[in-house]
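Worksheet: the structure to be examined is printed underneath.
Order of appearance sets the numbers: ligands from 1, and atoms from 1 within every ligand. What you see is a predicted model, and the numbers here were worked out from it, not measured in a lab.
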Amino acid sequence: MTDQPSSIGFIGIGLLGRGLALALSARGYPVTGAASRSFSSAQWLSERVDGCRAYGTPQALADNSDLVFVTTPDSVIAEVASRVMWRSGQGVVHCSGASSTELLRPAELQGAAVGSMHPFQTFAGLTRSEDAEARLNGIAFAVAGELWLPAYLDRMVRALGGHPVNIPDRDRPLYHASAILGCGYLAALLQAAVDCWTAIGYTEEEALAALVPLAGTTIENIRRNGVAPSVTGPAVRGDLSTMNTHMAALGDSVPSGALAYGALTTASLPLAERRGVSPEAVAGMRTLADKYLRRWDSCPE
Ligand SMILES: NC(=O)c1ccc[n+]([C@@H]2O[C@H](COP(=O)([O-])OP(=O)(O)OC[C@H]3O[C@@H](n4cnc5c(N)ncnc54)[C@H](OP(=O)(O)O)[C@@H]3O)[C@@H](O)[C@H]2O)c1
C-alpha cells in the first residue's frame with residue numbers, strides 16, 4: 001500500500017495522456033512509464049519526459065508503476081482494467097468525464113485503489129510541457145476515488161493549479177454534457193457560422209478571420225460579466241422580424257445552421273426574459289422557433 005507513489009505510469013498516450021503526463025512531470029511528479037496500443041506512442045512520451053520508460057505492454061507498465069492513469073478512449077478503459085493483473089494497494093485512475101469508477105471494478109476486485117480525475121479542459125494540440133501546464137492551470141477537475149486516492153488526487157489537482165470538484169455519480173452525465181456543450185458543440189456551432197460565410201463565397205480562413213474575434217470577445221465578456229448581460233442580437237431585442245429572415249436564409253443555404261438557430265432561439269428565451277423582453281415577444285419567438293423546428297423535423301433527409 002502506498003499513498004505517495006514513486007512511479008506514475010500512463011496507459012494510452014493520446015491527446016490527454018500526453019498533456020497530463022507532460023504537465024505532471026513539469027510539476028515534479030515521477031512520470032516513469034508509458035504504454036499504448038502502438039509502441040511509437042509510448043516512445044513519444046518517453047522521449048520527452050526524463051526518467052520515463054516506454055513499455056511494450058500495459059501489464060509491464062502496471063508491474064512497474066505505483067499509480068497508473070488509464071488514459072485510453074472511454075470505450076477501452078474497462079477492457080484495459082480487466083486484462084491487466086493489478087496488485088493490492090496500487091492506484092488505478094481514469095480520466096473520463098462521463099463514466100464513474102465502476103469501469104475500474106476489475107482492478108478494485110484485485111485490491112487496487114481506484115479513482116477518476118477528469119480535467120474540465122480540452123487537450124487538442126499539446127506537445128510542449130509549458131503549454132500543457134498553462135492549459136491545466138485554473139481549471140476544474142472532477143475527482144473521485146477510494147482509500148488514499150481522493151486526498152492524493154486533490155493535492156495533485158492543486159499542484160497543477162486546478163481546483164477539485166465533487167460530482168456525484170448520478171450527475172456525471174449532466175456534468176459531462178456541460179463540457180460538450182461548452183466545447184465540442186461550441187466548435188460545431190462555429191462551423192455552422194463558418195458555413196454561412198462559405199455559402200456567400202468566402203473561404204473558411206476568411207470566415208474564421210471574421211468570426212474568431214467576435215467569438216473571443218463574447219467569451220471574454222462572459223468571463224467578466226456573466227452570460228445574460230453578454231447576449232446580443234435579436235433574441236434579447238425581441239426582434240421577430242429579423243429572426244424570421246435569418247431562419248429563411250439559413251433554411252435555404254445552411255441546413256445545419258438552420259436547426260441550431262431554431263434550437264438556440266428556444267434556449268435563449270430564458271435569457272431574453274432576464275433581459276426584460278416582454279412576455280408577448282418571448283411567446284412570439286417561442287412560436288416562431290417551434291414552427292420552424294417542426295418544419296425541419298418533418299423534412300426528408
Ligand atoms: N481529449 C480531451 O480533450 C479530453 C478531455 C478530458 C478528458 N478526456 C478523457 O481522456 C481519455 C483519453 O481521451 P483522448 O482524447 O486522449 O483519446 P485519444 O487521443 O484517442 O488517445 C487515446 C490513446 O489510447 C490508446 N489506446 C487505444 N486503445 C488502447 C488499448 N487497447 N490499449 C492501450 N492503449 C490504447 C491510443 O493509442 P495509440 O496512439 O498507441 O494508438 C490513443 O493514443 C478519455 O477517457 C477521455 O474521455 C479527454
With respect to [atom], which of [options] exhibits the smallest heavy-atom separation?
{"atom": "atom 7 (C) of ligand 1", "options": "Gly97, Cys95, Gly125", "result": "Cys95"}
{"atom": "atom 11 (C) of ligand 1", "options": "Ile77, Val70, Val84, Thr72", "result": "Thr72"}
{"atom": "atom 6 (C) of ligand 1", "options": "Arg83, Met117, His118", "result": "His118"}
{"atom": "atom 19 (O) of ligand 1", "options": "Leu15, Leu61, Leu126", "result": "Leu15"}

Donor-acceptor check, side chain of [X] to backbone of [Y], threshold 3.5 angstrom: yes or no?
{"X": "Asp171", "Y": "Leu174", "answer": "no"}
{"X": "Gln43", "Y": "Ala54", "answer": "no"}
{"X": "Ser65", "Y": "Val68", "answer": "no"}
{"X": "Ser82", "Y": "Glu79", "answer": "yes"}
{"X": "Gln121", "Y": "Ile139", "answer": "no"}
{"X": "Arg18", "Y": "Arg128", "answer": "no"}

Considering non-hydrogen atoms of the protein only, which is the closest contact for [atom], and what is the distance?
{"atom": "atom 3 (O) of ligand 1", "answer": "Phe123 N, 2.8 Å"}
{"atom": "atom 44 (C) of ligand 1", "answer": "Asp74 OD1, 3.1 Å"}
{"atom": "atom 8 (N) of ligand 1", "answer": "Leu16 CD1, 3.5 Å"}
{"atom": "atom 23 (C) of ligand 1", "answer": "Gly14 N, 3.7 Å"}
{"atom": "atom 34 (N) of ligand 1", "answer": "Arg37 N, 3.1 Å"}
{"atom": "atom 30 (C) of ligand 1", "answer": "Val76 CG1, 3.7 Å"}
{"atom": "atom 22 (C) of ligand 1", "answer": "Pro73 CD, 3.4 Å"}

Check contact between [X] and ligand 1, using heavy atoms of the residue and a distance below 4.0 angstrom.
{"X": "His94", "answer": "no"}
{"X": "Gln121", "answer": "yes"}
{"X": "Pro58", "answer": "no"}

- Task: Considering only protein heavy atoms, determine whether one is less than 4.0 Å from atom 17 (O) of ligand 1.
- Result: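 Answer no: nothing from the protein, no heavy atom, is under 4.0 Å.
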Could you walk me through whether Tyr261 and Tyr292 satisfy the ring pair (Phe, Tyr, Trp, His ring centres under 6.0 Å) test, starting with their C-alpha distance in whole Å, then the side-chain angles of each, then the deciding distance to 0.1 Å, before giving a yes or no? CA-CA 10 Å; Tyr261 195 101; Tyr292 182 69; 7.3 Å; no
Give a yes-or-no answer on whether the side chains of [X] and [Y] include a donor-acceptor pair shorter than 3.5 Å.
{"X": "Ser6", "Y": "Asp66", "value": "yes"}
{"X": "Ser38", "Y": "Ser41", "value": "yes"}
{"X": "Gln191", "Y": "Asp195", "value": "yes"}
{"X": "Thr217", "Y": "Glu220", "value": "no"}

Subset of ligand 1 atoms that lie under 4.0 Å from at least one heavy atom of [X]:
{"X": "Ile13", "value": "43 (O)"}
{"X": "Thr122", "value": "3 (O)"}
{"X": "Ser41", "value": "38 (P), 39 (O), 40 (O)"}
{"X": "Ser96", "value": "45 (O), 47 (O)"}
{"X": "Pro119", "value": "6 (C)"}

* Trace of the ring pair (Phe, Tyr, Trp, His ring centres under 6.0 Å) decision for Phe69 with His94 -> CA-CA 6 Å; Phe69 280 94; His94 73 59; over 10 Å; no
- For Ser36 and ligand 1, does the shortest N/O to N/O distance drop below 3.5 Å?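 By distance alone, the answer is yes.
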Which residues satisfy the side chain to side chain donor-acceptor pair (under 3.5 Å) test with Tyr55, sequence neighbours excluded?
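Residues passing side chain to side chain donor-acceptor pair (under 3.5 Å) with Tyr55: none at all.
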